[in-house]
Amino acid sequence: METIKTDVVIIGAGPCGLFAVFELGLLDLKCHVVDVLDKPGGQCAEFYPEKPIYDIPGTPSCTGQELTDRLLQQIRPFEPVFHFGEMVASVEKLENGNWRLCTDQDKEFEAPVIVIAAGGGSFMPKKVTVPNAAEFEGKSLFYAVRKMENFRDKKLLIVGGGDSALDWTLNLHPLAKSTTLVHRRQEFRAAPDSVNKALSLVEQGDMSFVAGNLSQLHGENGQLEAVTIKHTEGGAETVHECDNLLVFYGLTMKLGPIADFGLNLHENRIVVDTEKFETSVPGIFAIGDINWYPGKLKLILSGFHESALMAQQAKRIAHPGQKILFQYTTTSSALVSKLGAAA
């Protein structure tokens with residue numbers, strides 16, 4: 001097995017991991033990026049590729065996939081190397097001060113710096129517990145919306161009471177033949193504006209709402225025909241026809257092998273300082289949703305800020321003999337030259 005040597009190994013190819021490539025590239029640090037998913041973008045691209053994001057500075061609105069595509073274009077001049085479908089299984093400190101990382105696909109890296117940008121770790125949707133649910137998954141039962149057009153003219157039944165359930169109810173309603181929202185109670189955990197819009201559609205008779213839980217799934221060969229719902233009040237059961245079932249119970253977050261890296265943790269997130277976003281282990285950094293510090297906000301823009309400060313210390317570790325000259329991309333001809341391929 002040949003060891004891949006580089007300046008930085010980034011664990012996670014979500015927005016924060018991708019922007020870290022940019023900030024590190026400005027400082028002449030080469031990056032290899034490892035992600036368990038089969039494509040870049042992390043949770044944004046995997047679960048919300050067509051869902052609008054409104055709080056990226058200077059960008060009034062873009063989808064998760066659009067943001068991913070723009071970040072990939074931005075980092076193209078720095079030629080990062082991606083390793084998809086792999087998980088970092090072990091980390092070991094070498095005598096020369098570098099780190100050895102091994103993936104579950106028997107790939108080995110050596111680098112002086114590790115950046116953990118793995119979002120919430122390994123994230124999986126919480127699944128339906130009805131006995132025969134597995135036979136419908138990926139065919140007519142879905143836990144994410146990757147292409148809205150697939151649900152045009154369908155009889156949709158959407159389950160959940162959080163932002164994802166309400167957002168997709170509102171976004172898919174104009175496309176669907178019919179829409180039924182199911183939640184175990186009348187109260188929701190979503191943004192009030194989304195809740196009010198959905199309830200208004202119910203009052204107008206444009207969609208249906210049922211307070212209850214899934215009880216049975218009916219269909220053949222993976223294609224749903226109907227769903228039985230047990231009502232919260234009274235316990236009566238009713239059958240509702242549907243072509244597709246969308247379930248948004250939330251995500252289960254697990255750190256996976258990262259929990260074994262010897263890092264200080266706080267409520268299953270990695271503790272970092274707010275000067276360098278370095279972990280309790282020098283040379284290992286954590287940015288984005290996976291880290292914790294007092295006042296932490298789980299926002300993409302916060303992760304971008306963390307990436308910039310992390311890169312300064314990463315440079316000192318990777319190239320300790322080189323002086324760091326802070327420069328602006330607007331005035332530095334050297335930086336403009338580096339970014340020429342992105343112009």
Side-chain angles (χ1 to χ4, degrees), residues 46-54 61 63-65 125-251:
E46 181 70 6
F47 291 108
Y48 313 116
E50 295 188 352
K51 183 178 180 180
I53 301 171
Y54 299 104
S61 174
T63 65
Q65 189 58 58
K126 296 178 182 178
K127 295 192 174 184
V128 174
T129 57
V130 177
N132 63 336
E135 66 181 83
F136 299 102
E137 289 180 1
K139 300 174 182 176
S140 54
L141 164 58
F142 305 96
Y143 297 97
V145 176
R146 292 182 172 83
K147 192 171 181 61
M148 292 173 57
E149 192 62 28
N150 291 341
F151 300 97
R152 182 176 292 278
D153 298 326
K154 302 290 187 180
K155 290 178 283 187
L156 297 184
L157 196 146
I158 300 174
V159 185
D163 285 317
S164 294
L166 272 294
D167 286 350
W168 284 122
T169 295
L170 296 173
N171 286 330
L172 293 173
H173 173 262
L175 298 178
K177 182 176 182 180
S178 65
T179 308
T180 299
L181 176 63
V182 179
H183 184 44
R184 65 182 183 276
R185 59 176 185 265
Q186 298 281 350
E187 295 76 26
F188 298 88
R189 306 181 310 279
D193 182 61
S194 298
V195 174
N196 292 335
K197 287 178 179 177
L199 293 179
S200 177
L201 290 173
V202 173
E203 292 174 2
Q204 296 168 15
D206 291 333
M207 60 173 274
S208 302
F209 170 72
V210 181
N213 293 287
L214 299 178
S215 176
Q216 298 179 59
L217 305 183
H218 311 281
E220 296 181 352
N221 301 318
Q223 177 55 56
L224 280 167
E225 297 174 0
V227 172
T228 298
I229 300 172
K230 184 175 183 179
H231 291 240
T232 303
E233 293 186 7
E237 292 189 334
T238 55
V239 178
H240 299 259
E241 291 185 0
C242 73
D243 300 313
N244 290 149
L245 174 62
L246 287 166
V247 177
F248 299 102
Y249 286 155
L251 303 175

With rounding to the nearest 0.5 Å, note down the distance linking CD in E225 to NE2 in H240.
-> 16.0 Å
Heavy-atom pair of closest approach, residues L166 and A198 = CD1-CB, 3.5 Å
Hey, are T228 and E237 close enough side-chain-wise for a donor-acceptor pair under 3.5 Å?
-> no
Atom pair CG (L156) and CG (D153), whose distance is rounded to the nearest 0.5 Å | 10.0 Å
Kindly say whether A191 contributes a backbone atom to a donor-acceptor pair with the side chain of D163 at under 3.5 angstrom?
-> yes
Residues forming a side-chain hydrogen bond (donor to acceptor under 3.5 Å, both in side chains) with E149, sequence neighbours excluded = R152
Verdict with supporting geometry, Q65 and E50, side-chain contact (heavy atoms from CB on, under 4.5 Å) = CA-CA 7 Å; Q65 189 58 58; E50 295 188 352; over 6 Å; no
Going by atom type alone, with no hydrogens or angles, which donor-acceptor pairs under 3.5 Å involve a side-chain atom of residues 204-214 and a protein atom two or more places apart or on another chain?
unit_1 : atom_1 : unit_2 : atom_2 : d
Q204   : NE2    : S200   : OG     : 2.9

In Å and rounded to the nearest 0.5 Å, what is the CG to CG distance from N196 to L201?
-> 11.0 Å
Sidechain-backbone polar pair: T63 side chain, P52 backbone, donor-acceptor under 3.5 Å = no
Tell me, with the steps shown, if M148 and L172 meet side-chain contact (heavy atoms from CB on, under 4.5 Å).
-> CA-CA 7 Å; M148 292 173 57; L172 293 173; 4.0 Å; yes
Counterpart residues, side-chain hydrogen bond (donor to acceptor under 3.5 Å, both in side chains), relative to K51 (two or more places apart) = D167
Rounded to the nearest 0.5 Å, the CD1 atom of I158 sits from the OG1 atom of T179 at a distance of 6.0 Å
Kindly compute the distance separating CD1 (I229) from NE2 (H231), expressed to the nearest 0.5 Å.
-> 6.5 Å
pair L181-F188: side-chain heavy atoms closer than 4.5 Å = yes
Sequence-distant partners of E241, side-chain hydrogen bond (donor to acceptor under 3.5 Å, both in side chains), two or more places apart | K155
Min side-chain heavy-atom separation S194-L170 under 4.5 Å | yes
Closest contact, heavy atoms only, Y54 versus S61 | CE2-OG, 3.6 Å
Can you name the nearest heavy-atom pair linking C242 to V227, along with the distance?
-> SG-CG2, 3.6 Å
Side-chain contact, heavy-atom cut-off 4.5 Å: R185 with T232?
-> no
Before giving the answer on side-chain contact (heavy atoms from CB on, under 4.5 Å), spell out for K127 and E137 the whole-Å C-alpha distance, their side-chain angles and the decisive distance to 0.1 Å.
-> CA-CA 10 Å; K127 295 192 174 184; E137 289 180 1; 3.3 Å; yes
Residues that S164 engages under side-chain hydrogen bond (donor to acceptor under 3.5 Å, both in side chains), provided they are two or more places apart = Y48
Residues pairing under ring pair (Phe, Tyr, Trp, His ring centres under 6.0 Å) where one sits in residues 141-163, two or more places apart or in two chains, turn out to be F142-F151
Residue pair L157 / L246, side-chain heavy-atom distance below 4.5 Å | no
What distance separates Q223 CD from E135 CD, expressed to the nearest 0.5 Å?
-> 11.5 Å
Check the pair K197 / H173 against side-chain contact (heavy atoms from CB on, under 4.5 Å), numbers first and verdict last.
-> CA-CA 11 Å; K197 287 178 179 177; H173 173 262; over 6 Å; no
